[in-house]
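One structure is given here, and the rest of the page talks about it.
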Protein chains: 2
Amino acid sequence: MSVPVGRSPVMADVARLAGVSHQTVSRVLNGHPNVRTETQARVQAAIEELGYRRNSSARALVTRRTGVIGVVAFDTTHYGPAQTLSGIEHAARADGYFLSVVTLQTVTRQAVSEAMDYLAQQSVEGYIVIAPKRAVVEGLAGQPADRPVVAVEGGEAPDLPVACVDQEGGGYLATRHLLDQGHRTVHHIAGPDDWLESEGRIAGWRRALAEAGAPVPEPLYGDWRPRSGYRIGAQLAGDPDVSALFVANDQMALGALRALGEAGVRVPDDVSVIGFDDIPESEFFTPPLTTVAQDFSEVGRRGIELLIDMLEAPAESTSLHPARSVVPARLVARVSTAPARA
Amino acid sequence: MSVPVGRSPVMADVARLAGVSHQTVSRVLNGHPNVRTETQARVQAAIEELGYRRNSSARALVTRRTGVIGVVAFDTTHYGPAQTLSGIEHAARADGYFLSVVTLQTVTRQAVSEAMDYLAQQSVEGYIVIAPKRAVVEGLAGQPADRPVVAVEGGEAPDLPVACVDQEGGGYLATRHLLDQGHRTVHHIAGPDDWLESEGRIAGWRRALAEAGAPVPEPLYGDWRPRSGYRIGAQLAGDPDVSALFVANDQMALGALRALGEAGVRVPDDVSVIGFDDIPESEFFTPPLTTVAQDFSEVGRRGIELLIDMLEAPAESTSLHPARSVVPARLVARVSTAPARA
DNA sequence: GGCAACATTGTTAGCGCTAACATTCGTCCC
DNA sequence: GGGACGAATGTTAGCGCTAACAATGTTGCC
């Protein structure tokens, strides 16, 4: 009896066993008031005996709520995005939501729109889009918003709620740190120029230089990967003007460290290097990398918070001032930066 | 008219606009034969005009298929697991399935079982569990299997379909590579001893040593993180017996390289070091790390393949010989290994 | 004691879809 | 020419649940 053969039990089976109507079972499950404690217990017992589990499709059909949040992610094989995704997942689960994830290889407006379409098939209630490029954020803002969207890492998105790290502040912090150590100016290996993270970090770097009245060299653009840092690092190694280098992420910084090392440039004695991200490996680079840490999971958490607010608020003036949640960056000083030589 | 106010359109709205019954609309949507081409076109047009989208809950309710696969993952902030997840996701989407992901902080039997329970609420059709520890796999096999489960990275799981990389083969490959370069024996920094990956790599290492008649030192256990590699590396640095070192992952290898460097031990001149995983950074370590590459996304792909086979096969003798899909590992030779000194 | 107010439970009607059966129509063949 | 067949479409009955309303008890208070 406790293991019904054939089909899995439905609410009516529980009701029969507990000697109540199926509606009373529903009430117990939904925590309605006005159910006698004793009835509740009987129903609970019947539920356990049968191993009953509510059918989510039937429930969603009538409540018009699926409890599923769609996530469009990129590049989850890298540290930052993967951490962010993990933060999103935990926050969503804590609030009883489910996550349906699509990860994209290419970061284009069209790919994002296809991914959102795919997720729409599953009746997601809203979207979290990890939107690291300007084009993506702009494409997002132009969409017919039949359900709420939150951008994560979306920089200064114009008309969209956004959760992100303060990239500009982080860039400022990094540059300031080097200037404070007496370097005349700071060179910059940036990320690709259509990424919002690159933009923000460049802006912070420029602001710090401007504030200090330091010369502003041309930034050199990499592609986030170690190899590009290596290439650009090799270029800079010969330049006697370079005494301090701000690299837009730790992976490129790793490449740069290697190139400098191979060229006989000592870090930090000859050149100071600072990275960005604080990946787990940075502490063990040669030399241990000074860098700027981002609290990725906090960003994920805030993204979910924004979205759930929209889902659960009685649709109102959300479009007037789209919410922004900015997480500060934090300097992690290690060995790769040192005061400028006299 | 094309933008209906109030509720979103349902099948009946499309039917009305196209001048057919709702069932005909359903037939068009499901690609049934025996619908006149012209009718099909009219229905399609109506669908587009209204921006109609099938209600997945209603559909799932009657078909008893949700098209959702539940994934239990750990540690997606690290390279391997994140890559695997990404492989799983792409393969699932290619077959029209959706993914619902739960990531866990702690790898315990209970956490896994709770995660599966959570996913069951959403009526997932089956599970992919990234199960890197023996206890987890065993707990999995003991569960009441009301829906199919595939383990990924589950080593030699007894009664469960598994997709994994050939860890033993990889360990053998790494050790063999060092022995072939004339090293008398190979020391090993292993992962935690309750991880299946550790076990497999240790087994391969032992086999290679045994085959060569080389002495078998005690393996030293780390925790996968760079810091533990650093700690153990510092220990080994003073030992003149150590001329070749197989480290169970690249992150620990990074720590070990740093410790050796600090102790004045030159790699590869004094000691050869080989890692495991081939993370994107390895190529730019000091020196560039020889390592064993795993095709994580292929593992994810195969996991999905196994699961979908089970979902779509008319439930038969699946339990007789649970399928195993083993992906070979591959040696990536770089600079950190060299022939033994005479 | 009777009646209002409330607590507790049951009954009914869908949510939007697909499967199964019913109907209509044209076509073919003896 | 009529019956048999199959193609094309329509009609009906749920899937398992919740919301709304209806029907009971049960209490308290004058």
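Note on naming: letters A, B, ... go to the chains in the order of the sequence lines (proteins, then strands), and numbering restarts at 1 for each one. The basis for the numbers below is simple: all heavy atoms, side chains too, and nothing from hydrogens, waters or symmetry mates. Since this is a predicted model, take the numbers as computed values, not measurements.
Salt bridge B:R65/B:E125: present, at least one basic N to carboxylate O contact under 4.0 Å. We find that A:R301 and A:D295 are not joined by a salt bridge, their nearest charged nitrogen and carboxylate oxygen being 4.0 Å or further apart.
Along DNA chain D, the nucleotide nearest A:V25 and the nucleotide nearest B:V62 are compared for position; the residue whose nucleotide lies closer to the 5' end is B:V62. Positionally, the nearest nucleotide of DNA chain D for B:T24 lies more toward the 5' end than for the other of B:T24 and A:T63. Two residues, A:T39 and B:Y52, neighbour DNA chain C, and the one matched to the more 5' nucleotide by heavy-atom proximity is A:T39.
Within the 4.5 Å cutoff, no side-chain heavy atoms of B:Q122 are placed close to those of B:T66.
Per the geometry, NE2 belonging to A:H32 stands 15 Å off P belonging to D:dC21, to the nearest Å. Residue A:N34 contributes atom CG, which lies 16 Å from atom P of D:dA20 at whole-angstrom precision. In this structure, CD of B:E38 is placed 12 Å from C1' of D:dA8, rounded to the nearest angstrom.
Contact footprint of chain B on DNA chain C: nucleotides with an atom under 4.0 Å from a non-hydrogen protein atom, first to last in 5' to 3' order, C:dG16 to C:dA20.
Between the side chains of B:Q40 and B:Q44, no donor N or O sits under 3.5 Å from an acceptor N or O.
Residue contacts shown for B:R27 include a base, since a base heavy atom lies under 4.0 Å away.
Without hydrogens or angle criteria, B:T63 side chain to B:R59 main chain gives a donor-acceptor distance under 3.5 Å. Not a single donor-acceptor pair under 3.5 Å links the side chain of A:Y118 to the backbone N or O of A:V102.
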